[in-house]
Amino acid sequence: MADIRTRFAPSPTGYLHLGSARTALYSWAYARRHGGACVLRIEDTDRARSTLESERALLSGLAWLGLDWDEGPVRQSEHGERHAEVVEQLLERGAAYRCSCSREELEERRSQTLAQGRSWVYDGRCRERNLSADCGPHTVRLRLDLDSHLGWDDLVYGESGQAACEIGDMNIRRSDGHPLYNLAVVVDDSDMRISHVIRGADHLGNTAFQIAIYRALELEPPRFAHVPLIVGASGKKLSKRRDPVSVEQFRDDGYLADALLNWLVRIGWSHGDQEVFSRDEICALFDLETVNRASAQADPGKLDWLNQHYLKQLPAGELLEQLLPFLTEVAGAEVKPTPELAALAQLLCERSSTLRDMAGRAAFAVVETPERDSKAEKKFLKPTALPILEALVQRLRRVDPWDEAQLEAAFEDVRAAQGDIGMGKLAQPVRVAVTGSSASPGIYETPAAPRPGSTRRSAYWAPSAAWRASRPPPTASASPASNPRAARVVARPAPTRFRRMARLASRPATGVDRPGLAPASGSAGSPALSSPPAGGLRSLRFGK
RNA sequence: GCUCCCAUCGUCUAGUGGUCCAGGACGUGGCCCUCUCAAGGCCGAAACACGGGUUCGAGUCCCGUUGGGAGCACCA
């Protein structure tokens, strides 16, 4: 086949729409697959609705998706003169004619026709009037061969077309002298030597008339491929109201570009049973012949699944890099990359479907005072859990090195020493104390990656004010009160400790805040806290 | 209303006249694993819209019905 040239031609009247993104993807992939070129053309001839801001949004959306183009972007409005010139040519040759019917007249005749149950096409009133340029306000219409059939072989829909008489002599130029969409598209596609026009099926109705324009211009039309519409859960065309349609929104919600691309490419296209397509595979395998004809619903659940799949595949460093903006949002302050956070992200990605989701789960590691799930707190941070935790803290002092195996050993020891209690009795309170939630990664893994700027061990123990409040007063004879040290501890004001933590966190730590993601070193963090706590819970909170 | 398009599990789809009592994936139910939540593994429920043809044989071809969608501008 001759040179394959596709184009993506969005109009800058909003953000990058899901449907547009898929059309862009298809055009891009088809060109890549066949070693051709993809051109970006901004259809900005509707001055009233086109904005520069939308154009920027379009470009940034495409850039984020990683859809690049070989030529452009060119603005359709730059071709105004060329469009005007073509219309004049058609006029001279008699292939087009001036029409002085006013909107009002047209509207009246149309509604009359419609009232009779017939479909309206321009009735040809000015067709033979031979109006000249000085006939007053007028539009220009294309003179169709009303006996002809305007057909094409669609790459997706097969033989398509319409009788010319069902279309009628449509306008190609407005009374203000500006060309209409159909004319501009044909001229531009032809001038740009576009070989394959890939666009939404909502353009099916335009194509017949465009074929007529090609014929009037004595031009060979390109191949057309109309791709089925993406519909929302309602079964109707995606709407801003009901459906998530902005690519930027997906990005801000924490979806990965690769996941979105994979999701989009499979809506309406398939390659056997394959579900996961890398960018390269899309380029290697995508073809128009295998595009489905029925419109398809976009299933957000499948996107979530795909997104997690790609999340899990991301190398640790890159994953954290992607996560950082979301963490920063959660923390309310800039979050710097650390090896601990990278490890945590790794742990979290098999339980998160989006980056935003993941950031929420990582909040305990970046927030000064982690929020506690009140249900979990009520259920697990009971006074009876305190002595157990105290025992664990004592035991943790001897953990060295601070790794999963040693932590497990410590937990096991405590469990046995506390009367062989179930693991859940120990792990759940710890989990809630550390993460604020009853759901988190493994209990030996979780403490390995707590907040940056503090040491692992100190961050591990941060009972909230709510927990303290839930405790009975120290004088009570309940079991925790029988442990004087614990009682003393919980009676003390926590804010002091938090201030201390904050000071430590803001200190220029030697290993933790370095930008690279080198493996955790045993001496990371401030020296003062890098060794095991000296005095149990009390010292963890208040000791110096 | 008119024109055109479409029709396989809830969703995306495989299927191009026999190899389909219809396959995969997401979702969903159960079980296993297990310190929680996941992830993972195993098992299950779940569809050819309906009616006529054509044919030895139809999810696959034809017609109709029904249902859904899109388009019908001096918008793009």
Side-chain angles (χ1 to χ4, degrees), chain A residues 9-13 43-46 48-50 76 99 101-103 106-107 110 113-121 137-141 154 157 160-163 166-168 170-182 184-185 200-208 226 228-229 231 233-237 263 266-276 290 292-306 308 312 347-353 361 376 380 408 411 415 422-432 435 437-444 446:
Chain A
S11 49
T13 53
E43 312 251 296
D44 60 347
T45 47
D46 185 346
R49 294 195 300 154
S50 301
Q76 188 159 55
C99 169
C101 299
S102 71
R103 289 174 204 257
L106 251 14
E107 183 47 48
R110 179 207 275 118
T113 311
L114 257 31
Q116 292 165 18
R118 290 185 294 131
S119 62
W120 162 265
V121 294
H138 64 274
T139 63
V140 174
R141 292 179 183 275
D154 198 277
Y157 285 89
S160 309
Q162 248 177 306
E166 287 177 347
I167 292 167
M170 296 216 292
N171 277 320
I172 55 176
R173 191 174 79 185
R174 297 186 249 227
S175 52
D176 67 5
H178 285 114
L180 259 350
Y181 170 72
N182 281 315
V185 173
D202 49 346
H203 281 281
L204 236 19
N206 285 324
T207 310
H226 290 90
L229 260 25
V231 298
S234 59
K236 292 187 169 60
K237 205 166 140 179
W263 185 53
R266 278 286 286 110
I267 301 176
W269 174 77
S270 63
H271 180 73
D273 283 341
Q274 189 170 345
E275 295 288 348
V276 176
T290 40
N292 215 50
R293 281 186 286 270
S295 51
Q297 283 188 29
D299 176 14
K302 199 146 191 173
L303 174 60
D304 282 346
W305 175 76
L306 277 167
Q308 184 180 54
K312 288 198 279 192
L347 252 21
L348 251 20
C349 66
E350 61 187 34
R351 13 180 89 70
S352 316
S353 52
R361 292 169 197 273
F380 296 112
E408 179 167 2
F411 273 72
R415 202 169 66 80
M423 190 58 201
K425 283 259 188 292
L426 177 56
Q428 284 304 80
V430 172
R431 192 186 313 282
V432 177
T435 69
S437 159
S438 58
S440 85
I443 201 64
Y444 312 128
T446 305

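Chain identifiers are assigned alphabetically (A, B, ...) following the order of the sequence lines, protein sequences preceding nucleic acid strands; residue numbering begins at 1 within each chain.
- With P as the reference atom, rU60(B) and rC50(B) are 11 Å apart, rounded to whole Å.
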Readout for nucleotides 70-76 of chain B: B = base within 4.0 Å of protein heavy atom, S = sugar-phosphate only, - = neither; 5' to 3' it is SS-SBBB

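- With a cut-off of 3.5 Å on both pairing distances, the Watson-Crick or G-U wobble partner of rC72(B) is rG1(B).
- By the 4.5 Å heavy-atom criterion applied to side chains, His138(A) and Arg173(A) are counted as neighbours.
- For the P atoms, the distance linking rG68(B) with rG27(B) amounts to 30 Å, nearest Å.
- A donor-acceptor contact shorter than 3.5 Å is absent between the side chain of Trp263(A) and the backbone of Asp304(A).
- The nearest heavy atom of RNA chain B to Gly272(A) and to Arg118(A) marks one nucleotide each, and the one closer to the 5' end goes with Arg118(A).
- Pairing for rG59(B) is absent, with no Watson-Crick or G-U wobble pair whose two atom distances lie under 3.5 Å.
- Inter-residue side-chain proximity for Leu306(A) and Arg266(A) is flagged as unmet; no heavy-atom pair is nearer than 4.5 Å.
- Pairing of rC48(B), defined by two Watson-Crick or G-U wobble distances under 3.5 Å, is not identified with any nucleotide.
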Evaluate the criterion side chain to side chain donor-acceptor pair (under 3.5 Å) for residue pair Trp269(A) and Thr290(A); output intermediate values, then yes/no. CA-CA 6 Å; Trp269(A) 174 77; Thr290(A) 40; 2.8 Å; yes

In B/S/- notation (B base, S sugar-phosphate only, - none; protein heavy atoms under 4.0 Å), nucleotides 3-12 of chain B written 5' to 3' is S-SSS---SB

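- Base pairing of rG40(B) is made with rC32(B), judged by Watson-Crick or G-U wobble geometry with both donor-acceptor distances under 3.5 Å.
- At a threshold of 4.5 Å between non-hydrogen side-chain atoms, the residues Leu180(A) and Met170(A) do not count as touching.
- rU28(B) and rA39(B) have their P atoms separated by 9 Å, with the value rounded to a whole Å.
- With P as the reference atom, rC4(B) and rA25(B) are 40 Å apart, rounded to whole Å.
- A distance of about 38 Å separates the P atoms of rC43(B) and rC6(B), rounded to the whole Å.
- On the C1' atoms, rC32(B) is 45 Å away from rG69(B), given to the nearest whole Å.
- One P atom belongs to rA49(B), the other to rC9(B), and the distance between them is 7 Å to the nearest Å.
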Heavy atoms under 4.0 Å is the rule here; annotate nucleotides 29-42 of chain B 5' to 3' with B where the base is hit, S where only the sugar-phosphate is, and - elsewhere. ------BBBBSS--

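- For rA58(B) and rG52(B), the P atoms lie 13 Å apart once the distance is rounded to whole Å.
- Both distances falling under 3.5 Å, in either a Watson-Crick or a G-U wobble arrangement, place rG67(B) opposite rC6(B).
- Base pairing analysis places rA22(B) opposite nothing; no Watson-Crick or G-U wobble pair with both distances below 3.5 Å involves it.
- We find the CZ-CD distance between Arg351(A) and Gln308(A) to be 9.5 Å, quoted to the nearest 0.5 Å.
- Annotation: side chain of Ser352(A) is in contact with side chain of Arg361(A) (closest heavy-atom distance under 4.5 Å).
- Base pairing of rA14(B): no nucleotide in any strand meets the Watson-Crick or G-U wobble criterion (both distances under 3.5 Å).
- Comparing Asp273(A) and Ser270(A) along RNA chain B, the residue whose closest nucleotide (by nearest heavy atom) sits nearer the 5' end is Ser270(A).
- Residue Glu408(A) holds its CD atom at 7.5 Å from CE of Met423(A), rounded to the nearest 0.5 Å.
- Not one N or O on the side chain of Asp44(A) forms a donor-acceptor pair closer than 3.5 Å with the backbone of Pro12(A).
- Panel note: side chain Arg141(A), backbone Cys99(A); no donor-acceptor pair is recorded below 3.5 Å.
- Looking only at distances, a side-chain donor or acceptor of Ser437(A) sits under 3.5 Å from a matching main-chain atom of Ala439(A).
- The CD atom of Gln297(A) lies 7.5 Å from the OG atom of Ser234(A); values are rounded to the nearest 0.5 Å.
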